[in-house]
Number of protein chains: 2
Amino acid sequence: MIRLSKKVEYGLIAIRHIATKPAGEIVTAKEIADTYGIPYELLSKVLQKLTKSGLITSHQGMRGGYALARPPVEIPVSLIISAIEGTRQAIVQCLSEGPQTCNVFTVCTIKSPLTKVQANIERAFSTMNLSEIV
Amino acid sequence: MIRLSKKVEYGLIAIRHIATKPAGEIVTAKEIADTYGIPYELLSKVLQKLTKSGLITSHQGMRGGYALARPPVEIPVSLIISAIEGTRQAIVQCLSEGPQTCNVFTVCTIKSPLTKVQANIERAFSTMNLSEIV
DNA sequence: CAATATACGACCGTACTGGTCCAATTTCAG
DNA sequence: CTGAAATTGGACCAGTACGGTCGTATATTG
Ligand code: SF4
Ligand code: SF4
């Protein structure tokens with residue numbers, strides 16, 4: 001029902017790993033993949049998404065890799081999730097793809113309570129930052 | 001990422017619909033399907049699951065249908081969800097299918113914080129009962 | 001130049017999802 | 001008793017999301 005994707009989990013593990021290093025230290029995707037036994041190619045994609053959304057910085061070429069773009073306290077888990085996840089960021093369709101996409105919307109009687117649940121979950125993820133999970 | 005299945009939504013809509021009727025009144029699957037424009041056959045499956053888990057009672061034959069098995073206050077949303085959803089009831093694999101099913105488990109550094117999040121969500125769903133969404 | 005690293009897009013098999021179809025069975029109304 | 005109305009249960013199907021892989025381009029550094 002309500003499951004984080006593996007990509008998000010890998011992203012969390014990876015960015016946490018980077019956060020444990022001294023600030024500014026560059027760590028390579030291969031190192032993370034080897035440390036946790038997660039597929040290198042898949043992890044790369046995830047790290048690229050995190051880079052695109054500005055949570056980490058990337059450095060190409062030899063001696064390259066990734067580093068945090070900001071201090072861990074300024075990186076809420078919610079940002080990590082939304083950076084990796086495409087659509088499907090909400091508990092129900094109408095809240096992420098828009099009301100028009102659900103053809104039951106006008107008569108739906110549960111969207112209002114579910115919206116509150118959604119707000120609850122969002123708050124949980126946005127108040128939890130990276131420094132709390134290292 | 002974190003999305004309720006349509007079956008769960010239909011189940012919530014349906015059981016809420018039943019709950020709005022006078023206690024003990026029998027309502028047919030067709031009526032619910034027509035009212036909300038959700039596919040009849042799919043809704044039937046959902047209602048059957050709810051019946052199997054004892055949340056509603058079914059009555060076969062002509063003038064048959066479904067009715068609540070207990071007062072709305074005694075039906076937490078969490079039960080509705082777990083009745084309909086098979087596996088995948090947790091935010092991460094290791095919490096629903098067991099630790100062995102994830103081959104990163106032993107080195108995973110995020111399972112502990114995520115377990116707390118899971119507990120949070122579970123509490124949200126189990127403290128919300130049917131009477132609160134009618 | 002060569003080695004090492006990210007960047008990016010295409011691709012693939014499996015599983016889940018939402019939905020449909022069909023046959024069986026129970027129950028009641030006439 | 002018969003037939004309509006309803007649940008029950010299974011098989012089935014198309015679309016898509018998911019986890020993962022591959023190949024190639026590009027940048028950086030020694
Ligand atoms: S409108 Fe109701 S059924 Fe449609 S997506 Fe929102 S909550 Fe789900
Ligand atoms: S062990 Fe870590 S990676 Fe594996 S399912 Fe649990 S949280 Fe996700």
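Protein chains get the first letters and strands the later ones, always in sequence-line order, with residue 1 at the start of each.
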Q: Measure the spacing between SG of B:C94 and CG of B:L114 and express it to the nearest 0.5 Å.
A: 8.0 Å
Q. Which listed nucleotide (C:dG19, D:dG20, D:dT8) is nearest to the side chain of B:L42?
A. C:dG19
**Q.** Between C:dT17 (P) and B:L4 (CG): distance, integer Å
**A.** 12 Å
Q: Round to the nearest Å and state the distance from A:K30 atom NZ to C:dT4 atom P.
A: 10 Å
Q) Between atom CG in A:L47 and atom P in C:dT6, what is the gap in whole Å? A) 8 Å
Q. In terms of heavy-atom contacts, does NZ of A:K6 have more than 12 from other residues, nucleotides or ligands at under 6.0 Å?
A. yes
Q. Can you check the B:E9 CD to C:dT17 P distance for me, whole Å?
A. 13 Å
Q: Check every atom of C:dG19, C:dA7, D:dG9 against the side chain of B:K52 and return the nucleotide holding the closest atom.
A: D:dG9
**Q.** Given DNA chain C, 5'-ward residue of the pair A:G61 and B:R63, judged by closest heavy atom
**A.** A:G61
**Q.** d(CD, A:E41; P, D:dC18) in whole Å
**A.** 20 Å
Q: Indicate whether any N or O donor in one side chain lies under 3.5 Å from an N or O acceptor in the other, for A:S96 and B:R3.
A: yes
Q. Any side-chain N or O of A:S58 under 4.0 Å from OP1/OP2 of C:dA5?
A. no
**Q.** Whole-Å gap separating P (C:dT4) and CE (A:M62)
**A.** 6 Å
(Q) Return whichever of A:P39 or A:H59 has its heavy-atom-nearest nucleotide of DNA chain D closer to the 5' end. (A) A:P39
Q | Spacing of A:N103 atom CG relative to C:dG19 atom C1', expressed in whole Å | A | 12 Å
Q) Would you say C:dC21 has OP1 or OP2 under 4.0 Å from some side-chain N or O of B:Y40? A) no
**Q.** Between C:dT17 (P) and B:I84 (CD1): distance, integer Å
**A.** 12 Å
Q: Please confirm whether any donor atom in the side chain of B:K45 sits under 3.5 Å from an acceptor in the base of C:dT20, or the reverse.
A: yes
Q) Does A:T28 put a side-chain nitrogen or oxygen below 4.0 Å from OP1 or OP2 of C:dT6? A) yes
Q) Above 12 or not: heavy atoms from other molecules or residues under 6.0 Å from CZ of A:R63? A) no
Q: Would you check if B:E74 and B:N129 make a side-chain contact, meaning some heavy-atom pair closer than 4.5 Å?
A: no
Q) Any idea which of D:dT7, D:dG9, C:dA7 is nearest the B:Y66 side chain? A) D:dT7
